[in-house]
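Note on naming: letters A, B, ... go to the chains in the order of the sequence lines (proteins, then strands), and numbering restarts at 1 for each one. Every value quoted in this text rests on a predicted model; they were computed, and no experiment measured them.
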Amino acid sequence: MSSNISMILAKLNKKDPNKLSLNIMDLLKKNITDFKKVEIAGPGFININLSNKALISIINKIFKEGKSFGSYKAKYSYNIEFVSANPTGPMHVGHSRGAIYGDVLSNLLKFNGNKVIKEYYINDYGNQINNFVKSVFLRIREIKYNESFVNEKELYPGDYIIEIANKILSKSKLKFNSLKDNYNFLTKESLKYSMEMIKSDLKKLGISHDSFISEKSIVNSKTVIKAINQLKRSNYVEEGFLEPPKGIKNEDWKKTKRLIFKSTLFGDDTNRALQKNDGSWTYFANDLAYHFNKVSRNYDRLINILGADHTGYIRRIEGAVKALSKNKQILHCKVCQLVKLYKDGSPFKMSKRSGDFISVNDLLNEVNKDSIRFMMLNRSNDVELEFDFDKVLEKSKDNPVFYVQYCHARIQSIFRTIDFKSKKNKQVKIGDINFNKYEKEILKKVFEWPKIIKIASNKYEPHRIPFYLYELATLFHSYWSKGNEDEKFKFIKKGNIDKSKLLMMQLVLIVLQNGMKILNVSLPNKM
RNA sequence: GCGCCCUUAGCUCAGUUGGAUAGAGCAUCGGUUUUCUAAACCGAGGGUCGUAGGUUCGAAUCCUUCAGGGCGCGCCA
């Protein structure tokens, strides 16, 4: 164990850290007997070797905590919105990253005792939906009346549209003469089937949401007006004109008076329109209303998981939450960078519109859920993730999930061999326990687990968990193999096992199980 | 033009909210299997942490400059 307390105190008091360390060391030696050795190293670190007595008391504490080892008591309520993929088709590989990130972040926060609502915002309103429904209609015409499907720019050509068309046809005897006459029916049915597809994809990835909120229902409930009225009163919304957009040309742009949200007050580049040319609400206006609804549900903390292509949206919506909650609630937007898909050694472009994207379902047909989950978290969410289709399909040693699972399988293998069963309420006593240096390394790693959880939770960085588990597994595999070189490091000798080894393995097991439970990745007993 | 993210070994990336001699995997080279699971392990080579400054006992980490890459910049959703 090591402490940098002297350096911190030195900074505060402007004193020499080495001198402070000497003083602290004296105090420690006088007052505490749990230390075997205390010494000063480097610029003023205090290194402490724990006595067996102290070690045992820590181990007993871990056994007592068991499934909650690593967690700390927090009791905030969270709303985490993630996935929220448009209901115009199945999920693609890019969506799965945010989905898994959000899901594991939720598990992590729950592990610490927080209450978490996992929410999905269904964008079942607007032009995309019109185009989606039109696509379904045209496919129906194609099937029923042999009219060829002309692929216009705005339409969705993917095969799943044909599937939806077939499903609708098999249940309905309507003639489908005009889109207009069948519009409401088609919209309802198409959305039902596309959401079924998405939910099924999510389920296969091990993800389920607690709450689904429909954009259309927000619009119909007039929440938009309520939200905007409140913002008008606090002077965040006004009628006015906006400058022409700087980024891309838009021929439809017109300078007319409309309601705008003053997002520049929150660091945005420009104020944002709440109304379109024709006076109808923009997507942002509806989203504002949705977040008004979220704010009214009184969570302690709001989190949105967004794709990289929505970074420009963050200032606006975070500002909106501040304005709507009168600075009482804070929305944190976390961004997942792109997933770059590689196949046959070259980049594989995804496009939802063209219909040639790799869907989550395609992926799941070839790679198991555990590997996908682990791989998607094996990067910080802030960096692009290279997903090598071929490599993941190989199911080889390149895949780190196997490595961690294998560690678990080896421990279980030992337990099987000696017919060991974990007992409840075990109390370890000081006796013939004597950890060697390899075991101490592993214990040290196990003791780090709560710190990993704390950082991962505070920073919303669940990727730290797979990295940590991988490191723990490395130490274990390394120690295991010592037995190949030297008989005395064999775990089992003549059917017996050292008490210290048994303890060490039980501790590793606790951490592996707690960690993988948060990741929702399985731990097979045999591989 | 503006905003956000990134730049660490040949490649892909970690890096403890500022700590000790910067770490893994892959790739390269060389070793280890009558076994408690070799889906594993051990060893070797490989670094000016993009650049230039600053903050301090101490910087890959914080601040500023510049360069390179990605994403975005709608009255689409």
Side-chain angles (χ1 to χ4, degrees), chain A residues 2 4 7-8 10-11 14-18 41-45 47 86 88 123 125-129 131 154 215 242 244-250 252-256 258 260 267-270 272-280 282-284 286-287 307-315 335 337-338 340 378-386 388 391 395-400 402-403 405-407 409-418 448 451-452 454-455 458-459 463-464 466-468 470-471 473-474 477-485 490-493 495 497 501 526-527:
Chain A
S2 166
N4 63 344
M7 270 92 91
I8 294 166
K11 182 147 204 168
K14 294 185 179 171
K15 282 182 182 165
D16 181 9
N18 261 308
F45 288 97
N47 287 342
N86 286 332
T88 51
N123 299 128
Y125 187 86
N127 283 330
Q128 284 187 184
I129 297 300
N131 293 328
E154 310 281 288
E215 180 180 358
L242 288 172
K246 283 172 185 161
I248 49 169
K249 288 169 201 161
N250 184 352
D252 296 334
W253 187 85
K254 276 179 193 162
K255 186 160 186 168
T256 43
R258 70 191 72 227
I260 56 175
D268 202 359
D269 308 343
T270 168
R272 302 292 173 176
L274 294 167
Q275 286 176 302
K276 301 181 193 174
N277 269 338
D278 60 3
S280 63
T282 60
Y283 173 80
F284 175 54
N286 293 343
D287 209 18
D309 50 343
H310 288 85
T311 1
Y313 195 71
I314 294 176
R315 288 276 165 78
V335 171
Q337 293 297 324
L338 295 184
K340 273 191 192 165
N378 212 26
R379 287 280 171 278
S380 152
N381 60 287
D382 275 337
V383 304
E384 286 184 8
L385 186 142
E386 219 173 88
D388 192 324
K391 237 180 192 174
K395 294 183 180 176
S396 73
K397 61 192 168 187
D398 289 349
N399 196 335
F402 287 120
Y403 192 81
Q405 288 176 324
Y406 191 40
C407 175
R410 276 180 154 170
I411 292 174
Q412 292 296 354
S413 157
I414 295 276
F415 287 178
R416 268 197 306 278
T417 308
I418 60 166
E448 276 176 28
K451 197 173 168 188
I452 298 296
K454 192 144 203 180
I455 294 167
N458 287 346
K459 299 177 106 169
H463 73 277
R464 286 166 191 272
F467 276 104
Y468 167 86
Y470 189 85
E471 284 163 15
T474 302
H477 287 308
S478 172
Y479 182 40
W480 175 281
S481 299
K482 290 280 184 293
N484 286 339
E485 296 151 29
K490 281 252 156 93
F491 282 40
I492 298 174
K493 280 170 238 162
I497 188 162
K501 287 194 176 62
K526 262 186 193 176
M527 291 176 75

**Prompt:** Using purine N1 to pyrimidine N3 plus N6-O4 or O6-N4 for Watson-Crick, or N1-O2 and O6-N3 for G-U wobble, each under 3.5 Å, what pairs with B:U7?
**Reply:** B:A67
**Request:** Check if the side chain of A:Asn378 and the base of B:A14 share a donor-acceptor pair of N or O atoms closer than 3.5 Å.
**Result:** no
**Prompt:** Under the rule syn = chi within 90° of 0, otherwise anti, which is B:U17?
**Reply:** anti
**Asked** Phosphate oxygens OP1/OP2 of B:A77: is one of them under 4.0 Å from a side-chain N or O of A:Lys276?
**Response** yes
**Request:** Report the C-alpha distance between A:Arg379 and A:Gln337 in whole Å, list the side-chain angles of each, state the deciding distance to 0.1 Å, and finish with yes or no for side-chain contact (heavy atoms from CB on, under 4.5 Å).
**Result:** CA-CA 10 Å; A:Arg379 287 280 171 278; A:Gln337 293 297 324; over 6 Å; no
**Message:** Using a heavy-atom cut-off of 4.0 Å across all strands, would you classify A:Gln275 as base, sugar-phosphate, or nothing?
**Reply:** sugar-phosphate
**Asked** So, is A:Arg464 near the phosphate of B:G15, with a side-chain N or O under 4.0 Å from OP1 or OP2?
**Response** yes
**Asked** So, do A:Phe415 and A:Phe491 have ring centers that fall under 6.0 Å from each other?
**Response** no
**Span that lies between the C1' atom of B:A20 and that of B:C66, in whole angstrom** = 32 Å
**Complete:** Sorted by chain and residue number, the salt bridge (charged side-chain N to carboxylate O under 4.0 Å, His left out) partners of A:Lys501 (sequence neighbours excluded) come out as A:Glu439, A:Asp498
**Asked** Would one find a side-chain N or O of A:Thr270 under 4.0 angstrom from OP1 or OP2 of B:C73?
**Response** no
**Request:** Please determine, for the side chain of A:Arg315, which listed nucleotide (B:C4, B:C41, B:A77) has the closest atom?
**Result:** B:C4
**Prompt:** Counting only Watson-Crick or G-U wobble pairs whose two distances fall under 3.5 Å, which nucleotide matches B:A22?
**Reply:** none
**Item:** Listed nucleotide nearest any side-chain atom of A:Tyr283, set B:A77, B:A14, B:C71
**Value:** B:A77
**Prompt:** Does B:A39 have OP1 or OP2 sitting under 4.0 Å from an N or O in the side chain of A:Tyr406?
**Reply:** yes
**Complete:** Whole-Å distance, A:Lys482 NZ to B:C36 C1', equals 16 Å
**Complete:** Ranking B:A40, B:G70, B:U17 by distance to the side chain of A:Glu384, first place goes to B:G70
**Message:** For A:Lys526, is the NZ atom crowded, meaning more than 12 foreign heavy atoms sit under 6.0 Å from it?
**Reply:** no
**Item:** Euclidean distance, atom CD1 of residue A:Ile455 to atom C1' of B:U17 [Å, nearest integer]
**Value:** 7 Å
**Request:** Could you measure between the two P atoms, the one in B:G23 and the one in B:G47, and give it in whole Å?
**Result:** 14 Å
